[in-house]
**Q** 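If you scroll down you'll find the structure; I have some questions about it.
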Number of protein chains: 2
Amino acid sequence: MSFPPRYRTARSRSRGEANGAESRARAVRAAIELFAASGFQGTSIAQVAERAGLSQSGLLHHFPSKAALLAAVLEERDARDGEFLTSADGGRPLGWAAFDALAALTARNSTRPHLVGLFVRLTAEATAPDHPAHDWALDHYAGVHAWLVDAVRAGRERGEMHPGTPPETLARSTIAVMDGLQQQWLLEPERVSMVTEFSGHVAMLRARWGTAERAVVSPGSST
Amino acid sequence: MSFPPRYRTARSRSRGEANGAESRARAVRAAIELFAASGFQGTSIAQVAERAGLSQSGLLHHFPSKAALLAAVLEERDARDGEFLTSADGGRPLGWAAFDALAALTARNSTRPHLVGLFVRLTAEATAPDHPAHDWALDHYAGVHAWLVDAVRAGRERGEMHPGTPPETLARSTIAVMDGLQQQWLLEPERVSMVTEFSGHVAMLRARWGTAERAVVSPGSST
DNA sequence: GTCTATAAGGGGATAGAC
DNA sequence: GTCTATCCCCTTATAGAC
């Protein structure tokens with residue numbers, strides 16, 4: 001049992017000691033930024049250490065290997081945007097509300113290039129079965145896909161969506177649009193607006209699968 | 001001036017000599033496969049050399065640097081699927097025909113995981129401004145985007161598509177769907193059918209933006 | 001908890017023989 | 001056109017001092 005918040009004292013600081021948890025957190029933040037910019041394979045732990053203000057071995061004290069550092073990074077990432085897809089009360093948005101939640105997530109993402117870069121690069125690398133983030137990628141997609149499929153089923157039952165709406169296909173392609181837009185936006189941030197394009201996509205889905213209960217945009221209208 | 005097709009003779013073979021063009025081509029093929037599986041950063045030129053049946057220096061005789069090898073790989077890739085988006089007579093498909101051409105390309109791609117892996121990994125890496133394939137990625141997206149925008153404009157003028165159809169947004173999101181599906185398919189080839197999902201997407205676009213001149217799928221129908 | 005030192009190997013690229 | 005030998009730097013990881 002240790003007393004939770006240990007702050008640095010003048011004495012400990014002069015001896016080069018720091019709060020371990022603090023150093024660890026700095027390292028994770030540094031790793032997110034560097035993995036985001038150059039990928040996991042394209043980043044060395046020495047670079048991460050330098051940005052975190054640690055020596056390479058100092059860093060490896062907190063994470064036994066580079067893969068362990070990656071695991072910590074992924075955990076942090078999921079924590080940061082998993083909260084976004086569940087409301088404060090733990091309930092999940094259903095029907096069109098789920099698509100609106102994704103649009104909101106896209107809007108937030110467009111202010112966080114770090115996290116987007118991390119995601120785009122990592123999912124591409126992690127396609128390889130032997131990549132340390134491979135299982136994470138599988139879990140991630142399984143989770144989002146199931147979440148969205150459930151939301152569409154609920155939307156159908158509530159009468160927000162046509163009975164013929166295909167949940168799997170809708171989920172799959174919507175996730176694909178998000179990922180593809182992130183990729184294009186990273187490449188040319190000034191030319192591509194993730195928010196506009198994704199909102200357009202959702203509007204189109206509403207026009208195709210929405211029922212009269214909710215706004216159906218007719219061809220030729222703006223927005 | 002050299003006499004174009006130089007074949008290996010028993011004598012040259014015994015001296016360890018081979019047709020240069022042949023070795024070069026083997027190297028490019030090997031590089032495509034390895035870059036596809038592990039990315040550019042994740043592949044060493046020694047690995048490429050081994051697969052091509054050359055020593056590392058033998059490989060570097062044909063390509064002065066690893067980046068030069070990458071350039072050759074990208075050139076080869078573009079040659080292989082650029083032909084697909086222009087008809088035999090050099091004309092380009094317009095209106096819905098362009099989307100059908102993309103669907104056909106998707107079908108072909110699903111038999112060529114090598115090229116898909118190459119594309120997905122490389123475009124993700126190449127998002128970084130200092131990546132050797134960055135300019136290629138910019139050109140690639142600019143080209144496909146312009147191609148599709150033109151096709152949609154033509155479709156509107158022909159009356160195949162509603163006058164309110166937004167060319168840029170439609171192009172952007174369709175490309176995003178393709179890229180995103182490729183990514184998901186690479187991760188789980190057995191669970192994801194690029195062809196089915198992309199065709200579904202195109203069918204939805206027809207339902208939303210198509211005019212009576214062409215089939216409009218009504219909600220609830222299959223396919 | 002953090003450091004220096006070092007091991008042990010891989011990376012891209014060059015020189016020069018054949 | 002291809003090879004062997006070599007250079008030099010960067011990589012991950014460990015040992016042990018403080």
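Convention: sequence-line order gives letters A, B, ...; per-chain numbering from 1.
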**Q** What's the NE2-C1' distance between B:H62 and D:dC3, to the nearest Å?
**A**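 Going from NE2 in B:H62 over to C1' in D:dC3 covers 12 Å.
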**Q** Taking CG from A:L59 and C1' from C:dT4, how many angstroms apart are they, rounded to a whole number?
**A**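 Rounded to whole Å, this separation is 16 Å.
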**Q** Sort me out a list of protein N/O and nucleotides 10-13 of chain D N/O pairs below 3.5 Å, or just none if empty.
**A**
| from | atom 1 | to | atom 2 | distance (Å) |
| --- | --- | --- | --- | --- |
| D:dT12 | OP1 | A:K66 | NZ | 3.2 |
| D:dT12 | OP2 | A:I45 | N | 3.1 |
| D:dA13 | OP2 | A:K66 | N | 2.9 |
| D:dA13 | N7 | A:Q56 | OE1 | 3.4 |
| D:dA13 | N7 | A:Q56 | NE2 | 3.4 |
| D:dA13 | N6 | A:Q56 | OE1 | 2.8 |

**Q** Compare all side-chain heavy atoms of A:L170 with those of A:L148 and state whether any distance is below 4.5 angstrom.
**A**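 No; the side chains remain at least 4.5 Å from each other.
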**Q** Is there a salt bridge (charged side-chain N to carboxylate O under 4.0 Å, His left out) between B:E33 and B:R29 once you walk through the steps?
**A** CA-CA 6 Å; B:E33 290 165 9; B:R29 258 178 278 132; over 6 Å; no
**Q** In terms of the angle between their ring planes, are B:H201 and A:H201 parallel, tilted or perpendicular, with boundaries placed at 30° and 60°?
**A**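 Ring orientation, 0 to 90° scale: parallel.
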**Q** In whole Å, I'd like the distance from the NE2 atom of B:H61 to the P atom of C:dA17.
**A** 17 Å
**Q** Taking the side chain as everything from C-beta on, heavy atoms only, tell me whether B:L205 gets closer than 4.5 Å to B:W96.
**A**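 Sidechains of B:W96 and B:L205: in contact.
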**Q** Check the distance between C:dG1's C1' and A:L54's CG and give it to me in whole angstrom.
**A** 9 Å
**Q** At 10 degrees resolution, what angle do the end axes of the helix from C:dG1-D:dC18 to C:dC18-D:dG1 form when each is taken over five base pairs?
**A** 0°
**Q** Would you say the side chain of B:F63 lies within less than 4.5 Å of the side chain of B:V73, judging by non-hydrogen atoms?
**A**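 They are not in contact (no side-chain heavy atoms under 4.5 Å apart), so the answer is no.
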**Q** Distance check, rounded to the nearest 0.5 Å: A:L60 atom CG versus A:I45 atom CD1?
**A** 4.0 Å
**Q** For the pair made of CD in B:Q41 and C1' in C:dG12, what is the distance, rounded to whole Å?
**A** 14 Å
**Q** Would you check if there is a donor-acceptor pair between the side chains of A:N109 and A:W185 at a distance under 3.5 Å?
**A**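 No donor-acceptor contact under 3.5 Å links the two side chains.
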**Q** Taking the side chain as every heavy atom from C-beta outward, state whether A:V152 and A:F99 have any atom pair closer than 4.5 Å.
**A**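 Contact flag for A:V152/A:F99 side chains = yes.
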